[in-house]
Structures are given as structure tokens and as C-alpha cells.
Amino acid sequence: MSQYPKSQALTCPLCQKENNCAVSVGEQIDTCWCKAVVFPPKSSLIEIQPDANACICSNCLDKIKEELTLGLKRVD
Ligand SMILES: [Zn+2]
């Protein structure tokens, strides 16, 4: 019931580009790039990432980490 259509699972919720999740191409989650990087605490992601069930892409992760490291507030 709560499963997303496959197309949405492939898309980064922030930039709408492909997130290159290994699962989306039939690989194990353990082989995904997201297993090789360090994510910020979930509490800081929850404000940025609208959908906790969708994978963001490595580009957006880099941007988020940069913002958190610099301590900047998001100004849109
Ligand atoms: Zn993205």
C-alpha cells in the first residue's frame, strides 16, 4: 500500500534527477553508492528532504553536507 511506483523510487526528490540507487537496477542495497558515504543525522535531513522514503542523489547529498558543515541556513 505504501509502496511508491518504481519511477518515483528512481528519482531524487530534491532535483528530480536519477538517484542511481543500486536497488533500482536490480543490485543489492549493499552495493549502492549510499552505503559508501556518510549521511548527516536524520534529524537534519528531515527538514531538507521532503520524502524520507525516497533516495536523494549523491549531488544533493554533497550539497546538504556542505550546507550543514558551513552551518548555513537554506535561503531560497
Ligand atoms: Zn538530487
Side-chain angles (χ1 to χ4, degrees):
M1 285 294 266
S2 62
Q3 280 209 328
Y4 286 98
K6 206 174 183 191
S7 59
Q8 188 167 349
L10 301 177
T11 308
C12 169
L14 300 182
C15 67
Q16 316 302 322
K17 292 184 183 142
E18 284 182 32
N19 57 28
N20 294 314
C21 180
V23 176
S24 67
V25 291
E27 302 286 335
Q28 295 297 313
I29 186 67
D30 288 339
T31 66
C32 187
W33 63 266
C34 71
K35 287 287 178 182
V37 297
V38 178
F39 280 81
K42 210 168 186 182
S43 57
S44 53
L45 279 178
I46 204 102
E47 298 175 15
I48 301 164
Q49 190 178 346
D51 186 349
N53 292 314
C55 297
I56 63 173
C57 68
S58 55
N59 275 344
C60 288
L61 178 64
D62 282 347
K63 270 194 250 173
I64 290 168
K65 285 206 294 193
E66 199 173 322
E67 286 175 16
L68 291 173
T69 303
L70 295 173
L72 294 178
K73 295 239 159 65
R74 282 172 66 88
V75 181
D76 289 325

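We count ligands from 1, going down the list as the structure has it; atoms in each ligand are counted the same way.
Counting heavy-atom neighbours within 6.0 Å of K65 NZ, excluding the residue itself, gives a total above 12. Remark: Q28 CD is loosely packed, at most 12 non-hydrogen atoms of other residues, nucleotides or ligands lying under 6.0 Å away.
When each of I29, T31, D30 is checked for a side chain to side chain contact (heavy atoms under 4.5 Å, CB included) with V23, only I29 meets the rule.
Protein N/O/S atoms closer than 2.8 Å to the Zn ion (ligand 1): C12 SG, C15 SG, C57 SG, C60 SG.
Note that CG of N19 and NZ of K17 are 13.0 Å apart. Values are rounded to the nearest 0.5 Å. Between the CD atom in E18 and the OG1 atom in T11 there is a gap of 7.0 Å [rounded to 0.5 Å].
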For residues 54-62, tabulate all N or O donor-acceptor pairs below 3.5 Å that involve a side-chain atom, not counting sequence neighbours.
none

